[in-house]
Amino acid sequence: MKLKSINTTMVKLLTNNDKLVFEMTNFELFGGSSFKCRIFVSSRGFGYCGQVYFDNGQSFVEDIEKMAESIVGSAELKEDYHDHFVKFEVTKIGYVLVSGCFTEYGDFTQNLEFGFKIDQTCLVPFATDLRNVLQGSS
């Protein structure tokens with residue numbers, strides 16, 4: 001796939017908790033909804049930092065915007081042919097569960113599954129920042 005542009009903007013999920021971090025930066029945009037970025041996740045001491053490719057950026061942002069408006073639903077960011085993903089899901093009482101899995105293959109396979117809870121008010125700033133990066137306006 002041909003690289004369309006590079007964007008070094010950081011998209012950070014506000015968690016209101018220093019022990020819960022989800023950041024995306026160093027975006028390589030390929031057109032459409034496909035992109036590669038550096039992900040940094042820290043969930044109460046467990047973490048992952050690495051380059052990850054995703055195929056559904058636009059639909060993920062649209063789903064998060066719908067979740068923020070209606071306070072129901074879920075959104076999943078993933079690559080079509082790999083195991084890694086990030087999922088946001090609204091609970092019945094209005095919190096958002098953020099979960100995911102990242103796997104690094106090599107001589108020893110490394111796997112991180114994580115999950116944490118955030119407030120629904122954290123969705124709009126995250127979706128807005130990610131939309132701006134994917135549309136090339138940051």
*Specify the closest pair of heavy atoms between F35 and F30, including all atoms of both residues, with the distance to one decimal.*
CA-CD1, 3.8 Å
*Residues, nucleotides or ligands: over 12 heavy atoms within 6.0 Å of Q120 CD*: yes
*Rest of the hydrophobic cluster containing Y81 (Ile/Leu/Val/Met/Phe/Trp/Tyr, side-chain heavy atoms under 4.5 Å)?*
none
_Tell me whether V61 shares a hydrophobic cluster with I71, the cluster being built from Ile, Leu, Val, Met, Phe, Trp, Tyr side chains joined at under 4.5 Å._
yes
*List the steps and the verdict of side-chain contact (heavy atoms from CB on, under 4.5 Å) for L123 and V96.*
CA-CA 9 Å; L123 292 174; V96 178; 3.8 Å; yes
_Using 0.5 Å steps for rounding, measure from the NZ atom of K78 to the CZ atom of F54._
12.0 Å
*asked:* Can you list everything that forms a side chain to side chain contact (heavy atoms under 4.5 Å, CB included) with E23? Sequence neighbours excluded, please.
replied: M10, K12, V21, F40
*Backbone N or O of Y105 within a donor-acceptor pair of the T109 side chain at under 3.5 Å?*
no
*What's the shortest heavy-atom distance between A75 and I64, and which atoms?*
CB-CG1, 3.7 Å
_Quick check: is L112 connected to F22 through a chain of hydrophobic side chains (ILVMFWY, heavy atoms under 4.5 Å apart)?_
yes
*Just wondering, do D83 and F102 contact through their side chains at under 4.5 Å, heavy atoms?*
no
*Could you pull out all residues at least two apart from T15 that satisfy side chain to side chain contact (heavy atoms under 4.5 Å, CB included)?*
L13, N17, L20, F116, I118
*T9 to F27 - nearest heavy-atom pair and separation*: O-CE1, 3.4 Å
*Could you tell me if the ring centre of F126 sits under 6.0 Å from that of F88?*
yes
*Who passes salt bridge (charged side-chain N to carboxylate O under 4.0 Å, His left out) against E104, sequence neighbours left out?*
none
_Stacked cation flag K117 on Y95, 6.0 angstrom / 45 deg_ = yes
_Side-chain (S42) to main-chain (G47) donor-acceptor, under 3.5 angstrom_ = no
*Give the other cluster members for F108, using side-chain heavy-atom distances under 4.5 Å between Ile, Leu, Val, Met, Phe, Trp and Tyr residues; answer none if it is isolated.*
none
*Check: C101 and F85 side chains under 4.5 Å, non-hydrogen atoms*: yes
*Full working for side-chain contact (heavy atoms from CB on, under 4.5 Å) between F46 and V41*: CA-CA 8 Å; F46 291 89; V41 175; over 6 Å; no
*For residues K87 and S74, determine if any side-chain heavy atom of one lies less than 4.5 Å from a side-chain heavy atom of the other.*
yes
_If you compare all heavy atoms of G115 against all heavy atoms of S43, which two are closest, and at what distance to 0.1 Å?_
O-OG, 3.4 Å
*Min side-chain heavy-atom separation R131-E62 under 4.5 Å*: yes
*For the atom pair CZ (R38) and OG1 (T8), what is the distance rounded to the nearest 0.5 Å?*
12.0 Å
*Apply side chain to side chain contact (heavy atoms under 4.5 Å, CB included) to D80 and list each qualifying residue two or more places apart in sequence or on a separate chain.*
D55
*Would you say E28 and Q51 make side-chain contact, with heavy atoms under 4.5 Å?*
yes
_Could you tell me if the side chain of V72 sits less than 4.5 Å from the side chain of M67, heavy atoms only?_
no
_Option from N7, D129, L29 for which side chain to side chain contact (heavy atoms under 4.5 Å, CB included) with L134 holds_ = L29
_Is the distance between the ring centroids of Y53 and H84 under 6.0 Å?_
no
*CG of L130 to OG1 of T128: how many Å apart, nearest 0.5 Å?*
9.5 Å
_Side chain to side chain, N56 and L77, heavy atoms closer than 4.5 Å_ = yes
*Would you say the side chain of C37 lies within less than 4.5 Å of the side chain of N26, judging by non-hydrogen atoms?*
no
*Give a yes or no answer on whether the side chain of N16 reaches the backbone of D119 with a donor-acceptor pair at less than 3.5 Å.*
no
